[in-house]
Amino acid sequence: MSDVVEPNKNTGGRVLALTGGVGGAKLARGLAGVLSGSQLTIAANTADDFDYWGLRICPDLDSVMYALADLNDDVRGWGLKDESWRAGIAMRRLGGDEWFQIGDQDVATHIFRSQMLARGASLLDVTEKLCAGLGIAPSLVPMSEDKVATKVNTDLGWLDFQEYFVRDQCEPEVRGLAFEGIESADLHPAIVEILEADDLDAIIICPSNPFVSVDPILSLQGCRALLEAATAPIIAVSPIIAGRAVKGPAAKMMRELAMPASALAVASYYGDLLDGYVLDELDADYASDVAALGIEVCIAPTMMTDVDSKVRLAEIVLDFAAGITTRQ
Ligand code: GDP
């Protein structure tokens, strides 16, 4: 067990972070404050992606991108800060769809992406271009170039992810999840290359929703096998603090999927995949239970409220990873 923070042992090796939107974006921003751009690759979930107003929307890629550029709205938890909403008002006047909110600045991202995709660019090309435009140094990579779509089985029947998440505000009871297209979707070659690299120091599963943000990435063809074969330690940061999700439906989903809503249950869910697990200080009592799963434990303040707390947690996670020398 390690709860003592030592000076950061950045060896210059590479780090791969697997992430969804909100929680993942916060830690990604922290990691970007500690590592150089060439060291850090962030692989984002794209199973939430969908089409709206005729545009391709990639919510998790955008959340990470805006957070890395310090342009995200921390209070709302999604989208850009200093946003205005006149496009949505105009769309309502025309009788167009209005259940998903798109800000006036944000719409430029979706037009830019949709235009490039229509001209034949890959999602990675588009993401690189958007990141370059926003002055972002780390590599942000979509989990796959293939389309995968999360479907939520609820008491109201099967729903598309954004219908469940945004339109119905996570109110329906979740009975199960499916990732349409996953059987023929490949892990992005840019992520495969990093997982096979000799200079990979750590793989970090960000504090993202395990079921709808991390599972789609882990379910891609070849992903689990590559993670198991990687020599770098795999560390997850708990997205659950004291039995609650900081934002979003993770805790509610756990209860509905017949699991306790706890940081320990997330560690058990990832199970053998993990070498290390970061528990919040409020969940220190679970340390021995997590250790009993054969997973090393680090206890840290994991609530990220500003850039300093994001960077501080990133330093702790990297130091923890550097101290794990043997893969389980
Ligand atoms: P989504 O794709 O937009 O749902 O974003 P994520 O899956 O990346 O993030 C949702 C998860 O992030 C939720 O389970 C939250 O509890 C978790 N989360 C958000 N902020 C924090 C934080 O500051 N600390 C921790 N530990 N978890 C957080």
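What you see below is based on every heavy atom in this structure, not just the backbone, and it leaves out hydrogens, waters and symmetry mates. Both ligands and their constituent atoms are indexed starting at 1 by order of listing.
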Under 3.5 Å, is there a donor on one side chain and an acceptor on the other for [X] and [Y]?
| X | Y | value |
| --- | --- | --- |
| Asn153 | Tyr164 | no |
| Thr109 | Tyr66 | yes |
| Asn72 | Asp74 | yes |
| Ser122 | Asp125 | yes |

**Message:** Test your reading of the model: is there a side-chain donor-acceptor pair from Gln39 to the backbone of Ser36, 3.5 Å cut-off?
**Reply:** yes

**Request:** Please confirm whether the backbone N or O of Val174 pairs with a side-chain atom of Glu256, one donor and one acceptor, at under 3.5 Å?
**Result:** yes

With a heavy-atom distance limit of 4.0 Å, tell me whether [X] approaches ligand 1 through its side chain, its backbone, both, or neither.
| X | result |
| --- | --- |
| Ile241 | side chain |
| Met304 | both |
| Arg244 | neither |
| Asp60 | side chain |
| Ser208 | both |
| Ala245 | both |

**Request:** Report yes if the distance between the aromatic ring centroids of Tyr277 and Tyr270 is under 6.0 Å, otherwise no.
**Result:** no

Closest protein heavy atom to [atom], given as residue, atom name and distance to 0.1 Å:
| atom | result |
| --- | --- |
| atom 6 (P) of ligand 1 | Gly21 N, 3.4 Å |
| atom 28 (C) of ligand 1 | Val246 CG2, 3.5 Å |
| atom 9 (O) of ligand 1 | Gly23 N, 3.0 Å |
| atom 25 (C) of ligand 1 | Thr302 O, 3.6 Å |
| atom 13 (C) of ligand 1 | Lys247 O, 3.1 Å |
| atom 20 (N) of ligand 1 | Lys26 NZ, 2.9 Å |
| atom 11 (C) of ligand 1 | Pro207 O, 3.5 Å |
| atom 5 (O) of ligand 1 | Val22 N, 2.8 Å |

**Prompt:** Which ligand 1 atoms, with their elements, are less than 4.0 angstrom from a heavy-atom of Gly24?
**Reply:** 8 (O)

Only heavy atoms count here, so choose which of [options] is nearest to [atom].
| atom | options | result |
| --- | --- | --- |
| atom 14 (O) of ligand 1 | Ala250, Pro301, Pro249 | Ala250 |
| atom 7 (O) of ligand 1 | Ala47, Ser213, Gly20 | Ser213 |
| atom 26 (N) of ligand 1 | Pro239, Ser238, Ser63 | Ser238 |

**Item:** Single hit among Arg312, Lys310, Arg29 for side-chain contact (heavy atoms from CB on, under 4.5 Å) with Met304
**Value:** Lys310

**Asked** Can you find a heavy atom in the side chain of Ile136 that is under 4.5 Å from one in the side chain of Leu140?
**Response** no

**Request:** Name the orientation class of the two ring planes belonging to Phe161 and Phe165 (parallel below 30°, tilted from 30 to 60°, perpendicular beyond 60°).
**Result:** parallel

**Prompt:** Could you walk me through whether Asp199 and Arg14 pass the salt bridge (Lys or Arg N to Asp or Glu O under 4.0 Å) check?
**Reply:** CA-CA 6 Å; Asp199 63 344; Arg14 292 205 271 175; 3.3 Å; yes

